[in-house]
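Just so we're clear, the structure is a prediction, and the values are computed from it rather than from any experiment. Chain A is the first sequence line, chain B the second, and so forth, proteins listed ahead of strands; every chain is numbered from 1.
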Amino acid sequence: MPAIRHASKRKPPPEGFSDIEDDLLIFSNQMKDAQNMPTDNIPKHQAQWPIFQISHKRSRYIYELYYEKEAISKQLYDWLLKNNYADAMLIAKWKKQGYEKLCCLRCVQTKETNFNSTCICRVPKAQLKEGQDIQCVSCGCRGCASSD
Amino acid sequence: MQPPKHYIVISLSSRKPHTCLSPLPAGWTEHKAPTGHTYYYNASTGVSTYTRPLDAVTSFMQHQAVPAINLSDPNVANAFMAQYNAPPPAAAQHNQRHDQGPRRPPPQPKDKPKSKVPIPGHEPWLLVYTKYGRRFAYNPVKNASYWRIPEKLLPAVVEIDKARILEKSKPTGANEGDKVLPKKESDKAEVGAQRRPAASAEPTPAQPDDDKGYDSSEYEEVEVTDDEGEDGDHDEEGHARKRQRTDEPDQPAEEAPVEFTEADIAAQLAAMEADYAQDDEYMDEEDDETPQLSELDARALFKDLLDDFGINPYSPWEKLIEEGKVFSDARYTVLTSTRARKEVWEEWCRERIAQLKELRAKQEKQDPRIPYMAFLAEKATPKLYWPEFRRKYRQEPIMRDSKLTDKDREKWYREHISRLKLPQSTLKADLRKLLESVGLQELNNQTRMERLPGKLLGDVRWISLDAKTRDPIVEAYIQSLRGPPEDGEQTGEEEEGAKKAREEKERRERALRERERAVAEEKRQKEKQLAYGRAQLREEERELERAMQVGKRGLQSQLDAGRGERPNDR
């Protein structure tokens, strides 16, 4: 989230921000809730799943606004990226073929895994065993291959 | 012998849970989808379906409950829903057996082949009539059967029908009992038949050679849609056949023994039913084709729905689903798969946003100060300090407008409050000053009070006086002004610019003239010099000439001249 500055020192956001302000507020509230959720009785690796998921959703929202709906201007898009409303690195991946639905950057970080492989959620459904239900360790993704 | 599979498009609206539910078969569990619809999941097979899975025995009985659909917007949706709601159970039940919808009539437990007629001209083919008056084409050689009469058989089938109708018209048969069937009922049957999806039938893996049969689209429902089956040409014939068919169920099935066993057919019908549960997975994809509405209409209807509910085109799809406002509307089910809906929603969003952008571009840009000043004039009071005022009205859109900074807002508020304490005469004088500062171009005797320039309205001095005392002053001032300046006359800044340009031009011309004069002077001097030089030259020449003119007196004259020249030398 963007750093909160005093109103007198804040530059107004670019034109069109008021249109998406409410939806962004919903996302930030969700994020706050997820952050404040107690993690006592859930497995340790699952504690950050909601955070990843909400951040993914918000990035996706902004990505779609700019690239698919063409609803926001370049200035506003840049401003949003600069103010950390969306993950620019993740969006950069979405523009690449084969990564259109990528859930998070950790899932394609092969160096962090034991066998230098991507996450299980990157495996297309067709190649998984019949009826195999997966949820990836890093963000709880159930499959983000482009072919799914 | 296999009766063909018949996939029915089931709209979401028809998937509402039934009021009297039979228990789920073992292995199935009931869940609520995020859209609010109930679905069923079989953990062992991994199959999920919207339709309630049932045992083969009970599956036919499940449609007893027919809850009425509650249309949230009946006026808009009526036209569409009329097509859905028309068929009553009595007439339509013969052909609706596979339909799982709650508005569908209760199906009969079993359908059985009743009689068969060889189709003349196409020898292996048989036309099989079932107990309920449905019929299908059957090829015993290939062991293929089609509800939809294949195209090549159609003429022959039409011939058979004609022959039969002629036969019926002679009052001899035992089936004449209830000849007077209410017309209404037959109409309804027709509507019911139309409701059947024309294109939704798909060949199943078990019957790979079904494909060719389904190419003839209209004849799929020959066994129910009389008019369609007969090229829609003999209406009365259709009725005649209907009469015959409707009384068929009354007869015991054993009356017409057929060579392929009933058990055979019955087993296959049951198998068809059982398959539905498994095939429901694919229904969403099949559902893309709405039976009654063209694709375009369906999309337009869905877009209307989005319009009517005031959906924010900037919001994400998940928000629309989570809010769930639109689910109650009948138009939501016009598109039957969520994927199709999302696609249309995306398209609608793009259109709507483009529209909004255009609208905004057209709207003139208003100075944000004007509404803020109006707001101050209305709400500001000396009783509130700025922080109090801001806290009190923080929800107002003008207080959150990002075009104004809080600093400015505060400044104007304080100024306004302090001015409210000044005497009226000062305020009037200030107003006068303000009015005078506005140029004649913007404010003249033709300016109307409703269209005062923004320069006035956005000024603190304007709101210091209340409207009752201010307006007469302003009106009087406007009356005293001259008319608007002529088009040729320019406004202050323009005039200044033009004046500058003119001066510049003059200066340049003057410089040019001076330069010309200087050049001319120079030229004249040169000429003068030249002339002088020539004159001198001529003088010298003349002197020389004179010197050269030595007369007869020769030296004497020279000497004389010399003497004469210097008489004083001696």
By side chain to side chain donor-acceptor pair (under 3.5 Å), which residues pair with Asn312(B), not counting sequence neighbours?
Ser315(B)
To check you understand the geometry: which heavy-atom pair defines the closest contact between Pro313(B) and Lys69(A), and what is its length?
O-NZ, 3.0 Å
Are more than 12 heavy atoms, taken from residues, nucleotides or ligands other than Lys93(A), located less than 6.0 Å from that residue's NZ atom?
no
Give, as side chain, backbone, both or neither, the part of Leu24(A) having an atom under 4.5 angstrom from any heavy atom of chain B.
neither
Verify the neighbour count for atom NZ of Lys32(A): are there more than 12 heavy atoms of other residues, nucleotides or ligands below 6.0 Å?
no
Of the listed Arg352(B), Arg350(B), Glu351(B), the one with the largest count of heavy-atom pairs under 4.5 Å with chain A is Arg350(B)
Heavy-atom pair of closest approach, residues Glu70(A) and Ile353(B):
O-CG2, 4.4 Å
Taking NZ, NE, NH1 and NH2 as the nitrogens, is one of them in Lys319(B) or Asp22(A) under 4.0 Å from a carboxylate oxygen of the other?
no
Taken to the nearest 0.5 Å, the spacing of Glu318(B) CD from Ile26(A) CD1 works out to 11.5 Å
State the OG1-CD distance between Thr45(B) and Glu130(A), to the nearest 0.5 angstrom.
10.5 Å
Neighbour count >12 (heavy atoms, 6.0 Å) for atom CD, Glu347(B)
yes
Please tabulate, one pair per line, all N/O donor-acceptor pairs under 3.5 Å involving side-chain atoms of residues 60-68 of chain A, not counting sequence neighbours.
from	atom 1	to	atom 2	distance (Å)
Arg60(A)	NH1	Glu100(A)	O	2.9
Tyr61(A)	OH	Asp23(A)	OD2	3.0
Tyr61(A)	OH	Tyr314(B)	O	2.8
Tyr67(A)	OH	Lys95(A)	NZ	2.9

Taking NZ in Lys325(B) as the centre, count heavy atoms belonging to other residues, nucleotides or ligands within less than 6.0 Å. Is the count above 12?
yes
